[in-house]
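Following: one structure in C-alpha cells, then a few remarks.
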2 protein chains.
Amino acid sequence: MATELRPRGRPAGLNGDDLLAVAREVFLQRGYRGASMDEVARRARISKASLYREHASKSALYAAVVHHWTLAGRDAMRPALERLRASGDLRRGLVDLAETMRAGILSPPVVAMRRLVTAEAREQPEVAATYLEESWNTNIGRLAEALRALADSGRLRIEDPASAAEQFTWLVIGAPLNARMLGGDGSATGVDAAVDLFLAGYRANA
Amino acid sequence: MATELRPRGRPAGLNGDDLLAVAREVFLQRGYRGASMDEVARRARISKASLYREHASKSALYAAVVHHWTLAGRDAMRPALERLRASGDLRRGLVDLAETMRAGILSPPVVAMRRLVTAEAREQPEVAATYLEESWNTNIGRLAEALRALADSGRLRIEDPASAAEQFTWLVIGAPLNARMLGGDGSATGVDAAVDLFLAGYRANA
DNA sequence: CCTACCGATCGGTAGG
DNA sequence: CCTACCGATCGGTAGG
C-alpha cells in the first residue's frame, strides 16, 4: 500500500498527472461511456467534488487524458531514428526502425488508446483531431525528415519523403495493427518483407 | 410518408433484414452503448417486446447486425479483381483496383461500421473476430488469389501472394483510412505512389 | 403485441 | 477565517 508520510493536512488522494494516469486506466479498461467518474474518483482516493474541481466534466477529463498521453509518446521514435541516421548498414537500420515502430504502436496500451480515441471520434472530434495531429502526424513527420536526410546523403532516392514515410509506416504496421484493433493477437510476420519492398522502390543504386 | 397498403392484420412494423437495417443505422449513429433498444423498436415501429422476441438481447442484435453486414460486403471487390485479371495494362489494372478498394473501404458507412466493431472488440471479441475473418480476411485472400494468377502468367514475380496482398492493401488504404477513422476528411493523395512502389518490388521484368 | 415498470447506475451538485 | 474535502443525494435514463 502506498501510505506515504504526509506532513500536514495534505489529502491522501491523487491529483495532477497522477490523477490523469488513473483516469487513463479507467478509460482504457471501460471505454468512454463505460468509465464512471465515481470509479475514477474512487481509484484516485478523492471525492467526486474534488475530481470535478480539477476537471469540469467527464469530457474535459477525457480530453486532458488524451492530450497528456500524446505529449508522453512524442519522443518514442527519436532513438531509433537517430540510430538509422548513424547506421552504416541501411537495411539493418530500417529493420531496427521497423521493429521499434511495431513494438511501440502494437503495444497493448497504445492499441487501447487508439481504440478509445477512434471510438469517440464522432462524439468528440476535436480530441481525435488533436491525437492525430500531435501524436501520429508528428511522428510521421520526423520519419519523413530522417528519410529526407538519407536521400540528401545519397543513400536513398526519394522524391516525396512525406509519402515515403507513410508508405513505410503502413507497410510495417498496417496488417498487425488492423488485427490487434479487431482483437486478434496479430502474429506479426516479420518486418523483412516490408523493408524489402521499401528498398526495392527507394534504394539509391538502381 | 410510407403508409403502405396492408391487406390483413399484418403489422406495420419491420422485421427480418429490414429490422437489421434499422438497427444498423442506430448502432452506427449512436455507438453500441449509446444505442437504445427503445430507439430501435420505435424506428422499426414495433414494441420492445417484439424486438426482444426476434433478438434475445442487445448484444445478440448487435452480433446479427455485424454478421449480416459482412455477408453484404463480401463480393465488393470481385468486379475489380476480374477486370485486373483481364486487363492488358497491368499498371492500369492495379490503379483501377486500388481506386475501387479506396472507394469501398473509405466510404462513410464502411468506416462507421469499422469504428463500431473496433470500439466493441474488447467487450464482444467474437463479433470482431467474425468481422475480421468473414469480411477482411476473405477479401485479402481473394486479392492474393488474383496476384498469384498474375504471377503464374508471368506478369508479376511474387513469392508470397498473401504477404503481397496485405502490402498492396495497406499501401493503398493505410494513410487515408487512419485519417478517416480519427475523423479527418482524409484528403487522399492518389493511388499512383502506392502502385509505383508495389510494381517496383513485384514487376516481372527486373 | 403493448404499457408500465423493475433494480441499478449514470454525470453532476447540494449543504456544511 | 480560509481552503480543501466529505457523505449524501439530486433528476433522468439505461437494459430488460
Side-chain angles (χ1 to χ4, degrees), chain A residues 2-20 22-66 116 119-120 122-124 127, chain B residues 3-4 6-16 18-20 22-66 116 119-120 122-124 126-127:
Chain A
T3 52
E4 306 169 358
L5 293 178
R6 291 177 288 108
R8 277 188 296 276
R10 200 67 178 71
L14 305 180
N15 52 28
D17 288 356
D18 297 328
L19 175 56
L20 287 181
V22 166
R24 186 183 69 233
E25 290 180 11
V26 176
F27 279 125
L28 292 186
Q29 288 179 11
R30 315 282 188 190
Y32 180 79
R33 296 193 68 130
S36 72
M37 296 295 271
D38 287 279
E39 182 172 2
V40 174
R42 181 171 50 76
R43 287 167 66 161
R45 301 190 302 279
I46 59 177
S47 68
K48 278 213 292 181
S50 303
L51 174 57
Y52 273 93
R53 196 155 33 71
E54 282 210 51
H55 301 281
S57 66
K58 188 182 183 182
S59 62
L61 175 61
Y62 166 70
V65 163
V66 174
L116 172 66
E120 278 302 299
R122 185 176 55 257
E123 301 295 323
Q124 309 199 46
V127 175
Chain B
T3 51
E4 306 169 358
R6 292 178 289 109
R8 277 188 296 277
R10 198 71 176 70
L14 305 180
N15 54 26
D18 296 328
L19 174 57
L20 288 180
V22 166
R24 186 183 71 234
E25 290 180 10
V26 175
F27 279 125
L28 291 186
Q29 288 178 11
R30 314 282 189 191
Y32 181 78
R33 297 192 66 130
S36 72
M37 297 294 271
D38 286 280
E39 181 171 3
V40 174
R42 181 172 50 77
R43 287 167 65 162
R45 300 190 302 279
I46 59 176
S47 68
K48 278 211 292 183
S50 303
L51 175 56
Y52 272 93
R53 202 165 48 76
E54 281 210 54
H55 302 280
S57 66
K58 187 183 182 182
S59 61
L61 175 61
Y62 166 70
V65 163
V66 174
L116 172 67
E120 278 300 301
R122 185 175 54 257
E123 300 297 324
Q124 308 200 48
E126 70 289 347
V127 175

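Throughout, protein chains are lettered first and strands after them, A, B, ... in sequence-line order, and every chain is numbered starting at 1.
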TODO: Hey, which sits more toward the 5' end of DNA chain C by its nearest nucleotide, B:Asp38 or A:Tyr52?
DONE: B:Asp38
Task: Length of the line joining B:Arg33:CZ and C:dT9:P, which is rounded to integer Å - done: 12 Å
Task: Side chains of A:Met37 and A:Leu61 in contact at under 4.5 Å (non-hydrogen atoms) - done: yes
TODO: Nearest whole angstrom, please: distance from the P of D:dT3 to the CD of A:Glu54.
DONE: 17 Å
TODO: Starting at atom CZ of A:Phe27, determine the distance to atom P of C:dC10, rounded to an integer number of angstrom.
DONE: 13 Å
- [ ] Name the nucleic acid region contacted by A:Ser47, choosing base, sugar-phosphate or nothing; use a 4.0 angstrom heavy-atom cut-off, strictly under.
- [x] base
Open item on the list: I want to check one thing: is the phosphate of C:dT9, taken as OP1 and OP2, less than 4.0 Å away from some side-chain N or O of A:Ser36?
Closed with: no
- [ ] Please state how far atom NZ in B:Lys48 lies from atom P in D:dT13, giving the value in whole angstrom units.
- [x] 13 Å
Open item on the list: So A:Ala41, base contact, sugar-phosphate only, or nothing? Heavy-atom distance under 4.0 Å.
Closed with: nothing
- [ ] Report yes if a donor N or O on one partner sits less than 3.5 Å from an acceptor N or O on the other, where the partners are the side chain of A:Lys58 and the base of C:dG12; otherwise report no.
- [x] no
Task: Spacing between B:Ile46 atom CD1 and D:dG16 atom C1', to the nearest angstrom - done: 15 Å
Open item on the list: Of the options C:dC2, D:dG15, C:dT13, whose atoms approach the side-chain atoms of B:Ser50 most closely?
Closed with: C:dC2
Open item on the list: Cation-pi check for B:Phe27 against B:Lys58: NZ or CZ below 6.0 Å from the six-membered ring centre and within 45 degrees of the axis, yes or no?
Closed with: no
TODO: Figure out the CG/P separation between B:Leu51 and C:dC2, and round it to whole Å.
DONE: 11 Å
Open item on the list: Let's see if you can work this out: which of D:dC5, D:dG16, C:dG11 has an atom nearest to the side-chain heavy atoms of A:Arg53?
Closed with: D:dC5
Open item on the list: Do the side chains of B:Glu123 and B:Arg33 get close enough for a salt bridge, i.e. N-O under 4.0 angstrom?
Closed with: no
Task: For atom CZ of A:Arg45 and atom P of D:dC6, their distance in whole Å - done: 11 Å
Open item on the list: With rounding to the closest Å, how many angstrom separate the P atoms on C:dA8 and D:dG12?
Closed with: 22 Å
TODO: Measure from CD on B:Glu39 to P on D:dG15 and round the result to the nearest Å.
DONE: 10 Å
Open item on the list: Using 0.5 Å steps for rounding, measure from the CD atom of A:Glu54 to the CG atom of A:Leu20.
Closed with: 8.0 Å
- [ ] From the options D:dG15, C:dC2, D:dC6, select the nucleotide whose nearest atom is closest to the side chain of A:Ala49.
- [x] D:dC6
Open item on the list: Working to the nearest 0.5 angstrom, can you tell me the gap between A:Leu116 CG and A:Arg24 CZ?
Closed with: 11.0 Å
